[in-house]
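One structure below.
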Amino acid sequence: MTSIGTGYDLSASTYSPDGRIFQIEYAAKAVENSGTAIGLRVKDGVVFAVEKLVHSKLLVPSSNRRIQTIDRHIGLATSGLVADGRHIGNRAREEAENYRDTYRAPTPVKALADRIGLYVQAYTLYSSVRPFGISAIFGGIDTEGPQLYVVEPSGIFYGYHGAAVGKGRQLAKTELEKLDLPTLTMREAVLEAARIIHLVHDDSKDKDFELELSWVGEETGGLHLPVPDDLWAEADKHGRDALDEDMVD
């Protein structure tokens, strides 16, 4: 039974007869049309990588970044509508600050993902608002060690060893499943993340892209920071070389 075009997709507060909320599915589609973002939880930290599509040659490099710092020990990578991602980033910073003020301790990554999940889910309950058109990957270091969570447009969140969202998520997930993530170091994970982003980018369909990389863990003293320029250049070259080898094969 199909309900598309019969009015059940006009509001996020309306169920279709077969139990679907089409506005949430449309929000997920907005994520699928965006560049790929991945997160790798490895033995000594978390690595983020994003395929940021460049829609114009006039854009200033490194503007409109899709990787954000939420707290000193937590990073966020988003795929979907950029403005929605910034809004969720700002909300996450408020939640992290509130947690520190209340408990006098750094925010656990799971607690932050839980709070943001509840916030995102509230935007699926009322006809006066729309669901957020993003999937958000939260990662960081807390008392439990490296942590990685994904919050979906519906508000649900899951913990992962490796996560991928965006248009290239299926191929990226396949590549992540081939890796022995619990044994990788952060530096090894940076190289693999760059390789995967270059692999999932479709040169024939997509515009040019910028590779964004960041990490948090032992290499950074527990702080979420951009990957150093020399390592970024090495990872970018590694990704391009691996892509060329695949094309030759």
Side-chain angles (χ1 to χ4, degrees), residues 30-42 45-90 92-93 133-140 146 148-151 160 162-169 171-173 175-176 186-203 206-217 219-220 223-240 242-243:
V31 176
E32 293 177 12
N33 292 333
S34 179
T36 307
I38 63 175
L40 290 75
R41 172 185 167 186
V42 295
V46 173
V47 171
F48 298 99
V50 167
E51 170 204 18
K52 189 181 80 176
L53 300 177
V54 178
H55 299 288
S56 171
K57 295 181 179 179
L58 300 178
L59 286 175
V60 176
S62 301
S63 61
N64 292 323
R65 295 184 62 85
R66 286 174 44 206
I67 296 180
Q68 308 174 55
T69 296
I70 302 306
D71 202 340
R72 285 175 291 185
H73 63 297
I74 299 176
L76 164 67
T78 60
S79 183
L81 304 180
V82 176
D84 283 13
R86 285 201 297 265
H87 179 86
I88 290 299
N90 289 334
R93 292 185 192 98
I134 65 157
S135 287
I137 304 176
F138 289 93
L148 187 70
Y149 290 89
V150 176
V151 180
Y160 290 91
V165 294
K167 65 171 58 179
R169 72 191 185 287
L171 179 54
K173 287 180 180 178
E175 292 298 316
L176 287 170
M186 290 176 65
R187 287 185 174 271
E188 292 170 340
V190 167
L191 299 180
E192 293 294 343
R195 179 185 65 80
I196 292 172
I197 291 296
H198 277 283
L199 180 64
V200 301
H201 178 73
D202 190 341
D203 289 324
D206 297 328
K207 298 180 174 64
D208 292 337
F209 77 99
E210 288 182 21
L211 174 64
E212 290 187 31
L213 293 168
S214 72
W215 56 357
V216 53
E219 290 273 358
T220 65
L223 302 178
H224 177 248
L225 298 170
V227 168
D229 291 341
D230 57 340
L231 182 57
W232 182 95
E234 179 185 350
D236 187 55
K237 182 178 183 301
H238 175 77
R240 294 180 188 276
L243 183 61

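Reckoned from all heavy atoms, side chains included, excluding hydrogens, waters and symmetry mates. Computed from a predicted model, the values in this text were never measured in an experiment.
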| query | Between A77 and A37, which heavy-atom pair has the shortest distance, and what is it? | reply | CB-CB, 4.5 Å
| task | Measure across A235 and A194 and return the closest heavy-atom pair with its distance rounded to 0.1 Å. | result | O-CB, 3.3 Å
| message | Quick test of your reading of the model: are K237 and E234 salt-bridged, counting only N-O distances below 4.0 Å? | response | no
| message | With rounding to the nearest 0.5 angstrom, report the CG to CG distance, L53 to N64. | response | 12.5 Å
| Should I74 and V216 count as side-chain neighbours, where that means a heavy-atom distance under 4.5 Å? | no
| query | Is R65 salt-bridged to E212, cutoff N-O under 4.0 Å? | reply | yes
| field | Which atom of A164 lies closest to which atom of I38, heavy atoms considered | value | CB-CG2, 3.7 Å
| task | Side-chain contact test, heavy atoms from C-beta onward, threshold under 4.5 Å: evaluate it for H198 versus H201 and give yes or no. | result | no
| query | In Å and rounded to the nearest 0.5 Å, what is the CD to NZ distance from E51 to K167? | reply | 7.0 Å
| Roughly how far, to the nearest 0.5 Å, is the CD1 atom of I88 from the OG atom of S135? | 11.0 Å
| Distance in Å, L213 CG paired with L231 CG, rounded so as to fall on 0.5 Å steps | 7.5 Å
| request: Look only at the side chain of T36 and the backbone of G168, and say whether a donor-acceptor pair between them is shorter than 3.5 Å. | output: yes
| What's the spacing between T220 OG1 and H73 NE2 if we round to 0.5 Å? | 11.5 Å
| Pairwise distance CD(E192) to CG(L199) - rounded to 0.5 angstrom | 11.0 Å
| pair V200-R169: side-chain heavy atoms closer than 4.5 Å | no
| request: Report yes or no: does W232 contribute a side-chain atom to a donor-acceptor pair with the main-chain N or O of P226 at less than 3.5 Å? | output: no
| task | Decide yes or no for E188 and V42: does some side-chain heavy atom of the first lie under 4.5 Å from some side-chain heavy atom of the second? | result | no
| note | What one should report as the nearest heavy-atom pair of G139 and L148 is CA-CD1, 4.1 Å
| query | If you look at every heavy atom in V47 and A193, which pair is closest and at what distance? | reply | CG1-CB, 4.2 Å
| said: Can you confirm whether F48 sits close enough to Q68 that some side-chain heavy atom of one is under 4.5 Å from a side-chain heavy atom of the other? | reply: no
| task | For the pair R66 (side chain) and T78 (backbone), establish whether a donor and an acceptor sit closer than 3.5 Å, ignoring hydrogens and angles. | result | yes
| message | I want to check something: taking the side chain as every heavy atom from C-beta on, are I137 and Y160 in contact at a cut-off of under 4.5 Å? | response | no
| Does D208 reach the main-chain N or O of V54 with its side chain, forming a donor-acceptor pair under 3.5 Å? | no
| task | Flag the pair V46 / H224 as yes when at least one side-chain heavy-atom distance between them is below 4.5 Å, and no otherwise. | result | no
| query | Looking only at atom types and distance, does a side-chain atom of R93 sit under 3.5 Å from a main-chain N or O of T69, one as donor and one as acceptor? | reply | yes
| request: Write down the atom of A242, the atom of R195, and the distance for their closest heavy-atom approach. | output: CB-CG, 3.7 Å
